[in-house]
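Notes follow the structure.
Computed over heavy atoms, backbone and side chain alike; hydrogens, waters and symmetry mates excluded. Residue numbers begin at 1 in each chain, while the letters A, B, ... track the order of the sequences.
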Amino acid sequence: MPVNLQDYQKKEYDVECDGRTTKLKPIKVWTLAPKGRKGVVIGLFKCPNGKTIRKSIGKIEP
DNA sequence: GTAATTGA
DNA sequence: TCAATTAC
């Protein structure tokens, strides 16, 4: 089924914060893909420790 | 290197 | 302005 960025926004993902795996909702999501090639969906997460990290949370086909 | 995004 | 994110 088709999945859009809003769907990624609502789910939670396991991210490594400060050596601890935490489930977080992404602050922001976008696709990262070179022209004509497949790419990934990047999520931006705010860790409990205050650090902001990016993580791939999905794959995108051209 | 390329792609978009933003914290640092 | 750069690092970092993924995978090709």
Side-chain angles (χ1 to χ4, degrees):
Chain A
M1 15 180 0
V3 187
N4 51 26
L5 295 173
Q6 333 255 2
D7 296 324
Y8 289 100
Q9 280 268 31
K10 296 185 182 151
K11 297 181 191 164
E12 295 191 311
Y13 299 86
D14 284 327
V15 297
E16 287 250 333
C17 293
D18 206 24
R20 277 267 179 261
T21 293
T22 320
K23 279 218 170 183
L24 294 176
K25 287 179 185 167
I27 308 290
K28 183 125 186 171
V29 300
W30 67 92
T31 61
L32 180 66
K35 290 172 183 152
R37 293 191 248 145
K38 76 170 184 184
V40 293
V41 180
I42 300 293
L44 184 73
F45 301 88
K46 182 89 164 187
C47 289
N49 61 354
K51 196 175 164 80
T52 302
I53 61 169
R54 290 151 182 81
K55 192 174 194 244
S56 169
I57 55 179
K59 300 199 199 334
I60 294 296
E61 344 201 340

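In this structure, CG of A:L5 is placed 10 Å from P of B:dT5, rounded to the nearest angstrom. In this structure, A:I60 places its CD1 atom 14 Å from P of B:dT5, rounding to the nearest Å. Distance CD1 (A:I53) to P (B:dA8): 12 Å, rounded to an integer number of Å. Remark: C1' of C:dT6 and CZ of A:F45 are 14 Å apart, rounded to the nearest angstrom. For the pair A:L44 CG and C:dA3 P, the computed distance is 18 Å after rounding to whole Å. Atoms CD (A:E61) and C1' (C:dT6) sit 15 Å apart, rounded to a whole Å. Between the CD atom of A:Q9 and the C1' atom of B:dT5 there is a distance of 13 Å, rounded to whole Å.
Non-hydrogen atoms lying under 4.0 Å from DNA chain B are contributed by A:K28, A:W30, A:T31, A:L32, A:A33, A:P34, A:K35, A:R37, all within residues 28-42 of chain A.
Of all the heavy atoms in A:K38 and A:P34, the pair that sits closest is O-CD, 4.0 Å.
Cluster membership for A:I60 and A:W30, using ILVMFWY side-chain heavy atoms within less than 4.5 angstrom, is not shared. One hydrophobic cluster holds both A:V3 and A:Y13 under the rule that ILVMFWY side chains link at heavy-atom gaps under 4.5 Å.
Test A:L24, A:L44, A:V15 against A:I53 for side chain to side chain contact (heavy atoms under 4.5 Å, CB included) and you get one pass: A:V15.
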(request) Under the side chain to side chain contact (heavy atoms under 4.5 Å, CB included) rule, what do A:F45 and A:I57 come out as? Steps first, then yes or no, please. (result) CA-CA 11 Å; A:F45 301 88; A:I57 55 179; 3.8 Å; yes

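Remark: A:K59 is in phosphate contact with C:dA7, judged by side-chain N or O atoms under 4.0 Å from OP1 or OP2.
Judged purely by atom type and a 3.5 angstrom limit, A:D18 has no side-chain atom pairing as donor or acceptor with the backbone of A:R20.
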